[in-house]
Amino acid sequence: MKNNESIDRVIQVSDIDIGKNITRLRKSMQIKQTDMVAKLQIMGIDISIYSYNRIEKGKQNPTVSFLSACCKILNCDMNTIFGYPIP
């Protein structure tokens with residue numbers, strides 16, 4: 001059972017590479033990792049460059065709030081982050 005302190009996390013699995021999708025989108029907008037982290041922090045996401053890098057590499061699972069903020073920064077929707085084609 002969840003409490004007020006729990007955080008919803010999205011588990012990266014081998015068939016969906018969320019980290020690579022975020023990396024691709026970030027680079028297409030010519031945003032550096034450090035700038036991305038700064039933008040996320042401004043949006044209230046408590047993340048370090050180390051943790052962000054681990055998410056992009058698929059070594060750490062992102063939170064739902066992290067993914068939502070990434071969508072706003074990268075001007076995309078969750079389908080794009082998850083690599084699904086837009087219907």
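Index from 1, following the sequence.
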*Donor-acceptor pair, Thr23 side chain versus Gly19 backbone, under 3.5 Å?*
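Yes; judged by distance alone, with no hydrogens or angles, the pair exists.
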
_Main-chain N/O of Lys59 paired with Arg54 side-chain donor or acceptor, under 3.5 Å_ =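 Side chain of Arg54 to backbone of Lys59: a pair is present.
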
Pairwise distance [atom1]([X]) to [atom2]([Y]) - rounded to 0.5 angstrom:
X: Met29; Y: Ile31; atom1: CE; atom2: CD1; result: 4.5 Å
X: Cys76; Y: Asn21; atom1: SG; atom2: CG; result: 9.5 Å
X: Ile47; Y: Thr63; atom1: CD1; atom2: OG1; result: 7.5 Å
X: Ile73; Y: Asn75; atom1: CD1; atom2: CG; result: 11.0 Å
X: Leu25; Y: Lys20; atom1: CG; atom2: NZ; result: 14.0 Å
X: Tyr50; Y: Ile55; atom1: OH; atom2: CD1; result: 11.5 Å

Under 3.5 Å donor-acceptor pairs involving side-chain atoms of residues 33-40, not counting sequence neighbours:
from, atom 1, to, atom 2, distance (Å)
Gln33, OE1, Asn53, ND2, 3.2
Gln33, NE2, Glu56, OE1, 2.8

*If every non-hydrogen atom of Tyr52 is compared with every non-hydrogen atom of Ile22, which pair is closest and at what distance?*
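Between these two residues, the closest heavy atoms are OH-CG2, 3.4 Å.
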
*Could you tell me which residues satisfy side-chain contact (heavy atoms from CB on, under 4.5 Å) with Met78, sequence neighbours excluded, listed by chain and number?*
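For Met78 the side-chain contact (heavy atoms from CB on, under 4.5 Å) partners, ignoring immediate neighbours, are Leu67, Ser68, Cys71, Phe82.
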
